Trainee: 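Can you read through this structure? Questions will come right after.
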Amino acid sequence: MRKPIIAGNWKMNKTPAEARALAQALVPLLKNAQADVVLCVPAVDMAAVREALRGTGIALGAQNMHWQASGAYTGELSAAMLLDAGCAYVILGHSERRQYFGETDEFVNRKVRAAVAAGLIPIICVGETRVQREEGYTDTLVAYQTLTALTGLSAVQVAGVVVAYEPVWAIGTGLVATDEQANETIGVIRQAVRGKYGDAAADALRIQYGGSMNPANAHGLMQQPEIDGGLIGGASLKAEDFAKVVNF
Ligand code: PGA
């Protein structure tokens, strides 16, 4: 059985003071969580959130990183920096990074390999646009994005990463994939991984759904056999809402 994993993606929200308050509000609400819980916060918030989460089982995560260990990459962060700041996870290849910052599948793969080599757990985002779904490319696309992102990892390493299936048309729009759509596409991703890395990796790999997941729809999504958790944007910014999703 795969343990569910629920991650909050705060995106570009919360000053350090606001971040501390949100993390402190979450701690008591999540003390009986049955799922692994991760807060992926802006880099400037990490110190405050790390402090607030100390002694809890809640993990800290980042939203992006560079694949190089160090160097002249103005504005970027390395895996070693994230680890030293207390991160255990890093979101890679989020559709907003692909769409607004030109991240390609090849960039995402370099980042995934650097994260895994450093001991960070990547949360690798894949997903189709509305047009791609309407034109029937969803399955091919998500399989390609996933296998490209994982290239160069061993089956054992693949078993330890997290994939987030986030249909682009469902992110921040209030449109949510139906439970069956999400389950089916996540099944496609798992089959692709099974074909290349074998049963053990495919059965261990945790695959989240993301895209307008909230307290009202979390239970239904989490009942689906292929769905192992959620990557939560908007609903992770309010303590009560995020706690309801975690405690689905
Ligand atoms: P949303 O964002 O929950 O606000 O749709 C999810 C995500 O982009 O990770």
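Bear in mind the structure is a predicted one, so any value in this text is a computation, not a measurement.
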Trainee: Specify the closest pair of heavy atoms between Leu22 and Lys238, including all atoms of both residues, with the distance to one decimal.
Mentor: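 Scanning both residues, the minimum pair turns out to be CD1-C, 4.3 Å.
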Trainee: Indicate if Val38 and Leu53 have the same hydrophobic cluster label, given that clusters are the connected sets of ILVMFWY residues with side-chain heavy-atom separations under 4.5 angstrom.
Mentor: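 Per the 4.5 Å side-chain linkage, Val38 and Leu53 are not co-clustered.
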Trainee: For the residue pair Arg97 and Phe101, would you count it as a cation-pi contact if the rule is NZ or CZ under 6.0 angstrom from the ring centre and within 45 degrees of the ring axis?
Mentor: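 Yes, Arg97 sits over the ring of Phe101.
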Trainee: Lys111 and Asn64: side-chain donor and acceptor closer than 3.5 Å?
Mentor: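 There is such a pair (donor and acceptor under 3.5 Å, judged by atom type) between the side chains of Lys111 and Asn64.
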Trainee: Would you find more than 12 non-hydrogen atoms of other residues, nucleotides or ligands less than 6.0 Å from Glu184 atom CD?
Mentor: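 Count not over threshold, so no.
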Trainee: Which heavy atom of Ala155 sits nearest to which heavy atom of Ala201, and what is that distance?
Mentor: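 Shortest heavy-atom contact: O-CB, 3.5 Å.
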Trainee: As a test of understanding, state which of Thr185, Val168, Leu141 forms a side chain to side chain contact (heavy atoms under 4.5 Å, CB included) with Arg133.
Mentor: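 The option that passes is Thr185.
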Trainee: Roughly how far, to the nearest 0.5 Å, is the CG atom of Leu231 from the CD1 atom of Ile124?
Mentor: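 Atom-to-atom, Ile124:CD1 and Leu231:CG are 12.5 Å apart.
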Trainee: Test your reading of the model: is there a side-chain donor-acceptor pair from Asn247 to the backbone of Ala243, 3.5 Å cut-off?
Mentor: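 Pair found, side chain donor or acceptor close to backbone of Ala243.
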Trainee: Please evaluate residues Glu96 and Glu166 with respect to the criterion side-chain contact (heavy atoms from CB on, under 4.5 Å), reporting the C-alpha separation (whole Å), side-chain torsions for both, the decisive distance (0.1 Å), and the verdict.
Mentor: CA-CA 11 Å; Glu96 287 151 16; Glu166 299 205 305; over 6 Å; no
Trainee: Under 4.5 Å between side-chain heavy atoms, hopping through other hydrophobics if needed: is there a path connecting Val116 to Leu82?
Mentor: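 Yes, Val116 connects to Leu82 through the hydrophobic network.
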Trainee: Restricting to non-hydrogen atoms, name the atom on Gly61 and the atom on Cys87 that form the minimum distance, rounded to 0.1 Å.
Mentor: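 Shortest heavy-atom separation between Gly61 and Cys87 comes out as C-SG, 3.9 Å.
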Trainee: I'd like to know if Asp199 pairs up with Arg190 as an ion pair, taking the criterion as any Lys NZ or Arg NE/NH1/NH2 lying under 4.0 Å from an Asp or Glu carboxylate oxygen.
Mentor: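 No, Asp199 and Arg190 are not salt-bridged.
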Trainee: Determine whether Ser212 and Leu175 satisfy the following criterion, side-chain contact (heavy atoms from CB on, under 4.5 Å), listing intermediate values before the conclusion.
Mentor: CA-CA 6 Å; Ser212 299; Leu175 296 172; 5.7 Å; no
Trainee: Has Gln68 got a side-chain atom pairing as donor or acceptor with His66's backbone, closer than 3.5 angstrom?
Mentor: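 Side chain of Gln68 to backbone of His66, a donor-acceptor pair under 3.5 Å: no, none is there.
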Trainee: If every non-hydrogen atom of Gly229 is compared with every non-hydrogen atom of Ile6, which pair is closest and at what distance?
Mentor: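 Scanning both residues, the minimum pair turns out to be CA-CD1, 4.1 Å.
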Trainee: With distance as the sole test, does Tyr144 use its side chain to make a donor-acceptor pair with the main-chain N or O of Thr146 at under 3.5 Å?
Mentor: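 No.
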Trainee: Verify the distance criterion only: is there a donor paired with an acceptor across the side chains of Glu128 and Tyr165 at less than 3.5 Å?
Mentor: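 Present: a donor and an acceptor within the cut-off.
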Trainee: Check step by step if side-chain contact (heavy atoms from CB on, under 4.5 Å) holds for Ile232 and Asn9.
Mentor: CA-CA 6 Å; Ile232 320 298; Asn9 176 10; over 6 Å; no
Trainee: Please check if the side chain of Asn109 supplies one atom and the backbone of Ala149 the other of a donor-acceptor pair under 3.5 Å.
Mentor: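 A pair under 3.5 Å: yes.
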Trainee: Is the closest basic N to carboxylate O distance between Glu134 and Arg130 below 4.0 Å?
Mentor: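 Yes, charged N to carboxylate O under 4.0 Å.
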Trainee: To the nearest 0.5 Å, what is the distance between CZ on Phe242 and CG on Leu29?
Mentor: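 Result: 11.0 Å between the selected atoms.
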Trainee: If I take atom CH2 from residue Trp169 and atom OG from residue Ser95, how far apart are they, to the nearest 0.5 angstrom?
Mentor: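 Atom-to-atom, Trp169:CH2 and Ser95:OG are 12.5 Å apart.
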Trainee: Check whether Tyr209 reaches the backbone of Ala177 with its side chain - one donor and one acceptor, N or O, closer than 3.5 Å.
Mentor: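 Checked: pair present.
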Trainee: Charged N to carboxylate O below 4.0 Å: is that the case for Arg194 and Asp203?
Mentor: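 Counted as a salt bridge, because a side-chain N and a carboxylate O are separated by less than 4.0 Å.
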Trainee: Are Leu237 and Val246 co-members of a hydrophobic cluster defined by side-chain heavy atoms under 4.5 Å apart?
Mentor: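 Same hydrophobic cluster.
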Trainee: Just wondering, more than 12 heavy atoms not from Glu76 lying within 6.0 Å of its CD?
Mentor: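 Enclosed.
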Trainee: How far does CD of Glu180 sit from CG of Asn183, to the nearest 0.5 angstrom?
Mentor: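 Going from the CD atom of Glu180 to the CG atom of Asn183 covers 8.0 Å.
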Trainee: Is any side-chain heavy atom of Leu60 closer than 4.5 Å to a side-chain heavy atom of Val49?
Mentor: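 Contact flag for Leu60/Val49 side chains = yes.
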Trainee: Please check if the side chain of Thr148 supplies one atom and the backbone of Gln145 the other of a donor-acceptor pair under 3.5 Å.
Mentor: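 Not at all, since once roles are kept as given, no pair shorter than 3.5 Å links the two residues.
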Trainee: With no hydrogens and no angle check, is any side-chain donor or acceptor of Gln181 less than 3.5 Å from a backbone partner on Thr178?
Mentor: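 The answer is yes, because a donor-acceptor pair under 3.5 Å joins these two groups.
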Trainee: Rounded to the nearest 0.5 Å, what separates atom CE in Met65 from atom CG in Leu83?
Mentor: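 Going from CE on Met65 over to CG on Leu83, the span is 9.0 Å.
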Trainee: For Lys196, does the NZ atom sit with more than 12 other heavy atoms under 6.0 Å from it, leaving out its own atoms?
Mentor: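 Yes.
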Trainee: Cluster question for you: counting only ILVMFWY and a side-chain heavy-atom cut-off of under 4.5 Å, with indirect links fine, are Val112 and Ile121 together?
Mentor: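 No, separate clusters.
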Trainee: May I ask you to decide if Ala164's main-chain N or O and Gln208's side chain share a donor-acceptor pair within less than 3.5 Å?
Mentor: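 Looks like no, no N/O pair under 3.5 Å.
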Trainee: Please report the C-alpha distance between His94 and Gln99 in whole Å, then the side-chain angles of each, then the deciding distance to 0.1 Å, and finally whether the side-chain hydrogen bond (donor to acceptor under 3.5 Å, both in side chains) criterion is met.
Mentor: CA-CA 9 Å; His94 191 280; Gln99 191 179 339; over 6 Å; no
Trainee: Is it the case that one hydrophobic cluster holds both Leu39 and Ile123, taking links as side-chain heavy atoms less than 4.5 Å apart, direct or via other members?
Mentor: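 In one cluster: no.
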Trainee: So, the side chain of Asn217 versus the backbone of Asn214: is there a donor-acceptor pair under 3.5 Å, distance only?
Mentor: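 Between the backbone of Asn214 and the side chain of Asn217 there is a qualifying donor-acceptor contact (under 3.5 Å).
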Trainee: Please determine if Glu103 and Arg98 form a salt bridge, counting it only when a charged side-chain N lies under 4.0 Å from a carboxylate O.
Mentor: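 Looking at Glu103 and Arg98, the cut-off is not met.
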Trainee: So, the side chain of Gln224 versus the backbone of Leu221: is there a donor-acceptor pair under 3.5 Å, distance only?
Mentor: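 No: the side chain of Gln224 does not pair with the backbone of Leu221.
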Trainee: Nearest 0.5 angstrom please: Glu18 CD to Asp45 CG, how far?
Mentor: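 Nearest 0.5 Å value for the CD-CG distance: 8.5 Å.
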Trainee: Between Glu51 and Arg20, is there a side-chain N and carboxylate O pair less than 4.0 Å apart?
Mentor: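 Answer for the salt bridge query: no.
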Trainee: Check the pair Lys3, Asp36 against salt bridge (Lys or Arg N to Asp or Glu O under 4.0 Å), reporting the backbone distance first and the verdict last.
Mentor: CA-CA 7 Å; Lys3 186 174 184 193; Asp36 287 340; 2.9 Å; yes
Trainee: When you compare the side chain of Thr56 with that of Leu30, does any pair of heavy atoms fall below 4.5 Å?
Mentor: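 They are not in contact (no side-chain heavy atoms under 4.5 Å apart), so the answer is no.
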Trainee: Under the side-chain contact (heavy atoms from CB on, under 4.5 Å) criterion, do Leu147 and Tyr197 qualify, and how do the steps go?
Mentor: CA-CA 10 Å; Leu147 293 183; Tyr197 296 96; 4.2 Å; yes
Trainee: Testing the basics here: between Lys244 and Pro215, what is the closest heavy-atom pair and its distance to 0.1 Å?
Mentor: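 For Lys244 and Pro215, the tightest heavy-atom pair comes out as CB-CB, 3.8 Å.
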Trainee: Can you tell me if Trp10 and Gln63 form a side-chain donor-acceptor pair at under 3.5 Å?
Mentor: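 No, because no side-chain N or O of Trp10 sits under 3.5 Å from a partner of the opposite role on Gln63.
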